[in-house]
Amino acid sequence: TISYDCRKIKLLNFLLIKKNKIIYIFTFLIFLFPQFCKANNEDILIQKVYKLLQEKKFTDSINTLDELSKNNNIQAQLLYSKILFAGSIIPQDFNQSYLWANIAFLGGLKKSSQLIEMLNNYLTEKQIEEIKENIKIFLEKRAFINDKKAIIQIAKFYETYMDPPDILNSYSWYSVAVAKGIKSAAKKRDELLDQIDQKNLLEAQKLSNKFFKQIQN
């Protein structure tokens, strides 16, 4: 019996040590990569939204989606956009649907493009231009509070959503992205660099430094 109890105590101690190691590692990861914790929390909230929808708790699900979308969660933005387009649990709102679908698209959700194409048939050019201005305002606000995803999104916006493309602003934001540790932005920054003459390059680099200093750390 004594031997058996000793084995139990040793096993318990081993499990506690293992548990503490896991907690330590997890805490260390959160310290190094706070976005890891944020991403996990957002994934949990998205799952919560689906559960709320299944339970027909539509007000709670819409409120959660709205909050997540404003926090620049692209999965939430696409789902919210689809709900706003369908108009089955809240009235249709093509303006807001178009806004969130495009922000999600700029965030890398290519499947938003199908919804964007359908919405193009319901909105006038003037409405689309107004929504694009709201997209720019939203993404710049997010970028200035150090939302790294938004920094890339606003760089893409100036390159692909402006007619003609605003290469100076796009280069400036890609330059900020690289300075913020987003290594994948370096290739695009360098591609745009080749399209800017010496005079405008000085202006673009001044602009990128201005943006960089404005961002909350």
Mind checking whether [X] and [Y] sit in one hydrophobic cluster, side chains of I, L, V, M, F, W, Y counted as touching below 4.5 Å?
X      : Y      : answer
Tyr174 : Phe105 : no
Ile154 : Leu106 : yes
Ile196 : Leu207 : no
Leu78  : Leu52  : no
Leu193 : Phe211 : no

Which value, rounded to the nearest 0.5 Å, describes the distance between [X] atom [atom1] and [Y] atom [atom2]?
X      : Y      : atom1 : atom2 : value
Ile182 : Arg189 : CD1   : CZ    : 12.0 Å
Leu109 : Ile103 : CG    : CD1   : 12.0 Å
Ser81  : Ile116 : OG    : CD1   : 7.5 Å
Gln195 : Leu192 : CD    : CG    : 5.5 Å
Glu125 : Asn120 : CD    : CG    : 10.0 Å
Ile131 : Asn95  : CD1   : CG    : 4.0 Å

Notebook entry, point to check: Do the ring centers of Phe85 and Trp100 come within less than 6.0 Å of each other?
Noted result: no

Margin query: My understanding is that only residues two or more places apart in sequence, or in another chain, count here; which of them pass side chain to side chain contact (heavy atoms under 4.5 Å, CB included) with Lys180?
Written below: Asn146, Lys148, Ile151, Val176, Phe212, Ile215, Asn217

Note to self: According to side chain to side chain contact (heavy atoms under 4.5 Å, CB included), who are the partners of Glu129, at least two apart in sequence or on a separate chain?
What the structure shows: Lys132

Notebook entry, point to check: If we only count heavy atoms from C-beta on, is the Asn72 to Gln77 side-chain gap below 4.5 Å?
Noted result: yes

Checklist line | Side-chain heavy-atom pair Met162, Asn169 within 4.5 angstrom cut-off | finding: no

Can you see which heavy atom on [X] is nearest to which on [Y], and at what distance?
X      : Y      : result
Leu45  : Thr64  : O-CG2, 4.3 Å
Ala86  : Gln92  : O-NE2, 3.7 Å
Ser69  : Tyr80  : OG-CD2, 3.4 Å
Asn73  : Lys149 : CA-NZ, 4.3 Å
Ile74  : Gly107 : CD1-O, 3.5 Å
Ala143 : Ala150 : N-CB, 3.7 Å

Note to self: Could you check whether Asp166 and Tyr161, counting side-chain N and O atoms only, form a donor-acceptor pair closer than 3.5 Å?
What the structure shows: no

Note to self: I'd like to know if the side chain of Gln205 pairs up with that of Tyr171 as donor and acceptor (distance under 3.5 Å, no hydrogens or angles considered).
What the structure shows: yes

Should we say atom [atom1] of [X] is surrounded by more than 12 heavy atoms from elsewhere, each under 6.0 Å from it?
X     : atom1 : value
Phe58 : CZ    : yes
Glu55 : CD    : yes
Glu67 : CD    : no

Check: Okay, side chain of Ser172, backbone of Leu168: is any donor-acceptor separation there less than 3.5 Å?
Finding: yes

Next item on the list: Starting from the C-alpha separation in whole Å, work towards a yes-or-no answer on side-chain contact (heavy atoms from CB on, under 4.5 Å) for Lys70 and Asp66.
Entry: CA-CA 6 Å; Lys70 288 174 180 175; Asp66 187 68; 3.0 Å; yes

Check: Stepwise, does the side-chain contact (heavy atoms from CB on, under 4.5 Å) test hold for Leu53 with Ile89?
Finding: CA-CA 10 Å; Leu53 288 169; Ile89 59 175; 3.7 Å; yes

Next item on the list: Could you note down all residue pairs passing salt bridge (Lys or Arg N to Asp or Glu O under 4.0 Å) where residues 205-217 supplies at least one of them, sequence neighbours left out?
Entry: none

Checklist line | Criterion side-chain contact (heavy atoms from CB on, under 4.5 Å) on Lys188 and Glu159, from CA distance to verdict | finding: CA-CA 10 Å; Lys188 180 55 73 173; Glu159 183 190 6; 3.1 Å; yes

Checklist line | Test log, rule salt bridge (Lys or Arg N to Asp or Glu O under 4.0 Å), inputs Lys136 and Glu133 | finding: CA-CA 5 Å; Lys136 183 179 80 168; Glu133 182 62 23; 3.6 Å; yes

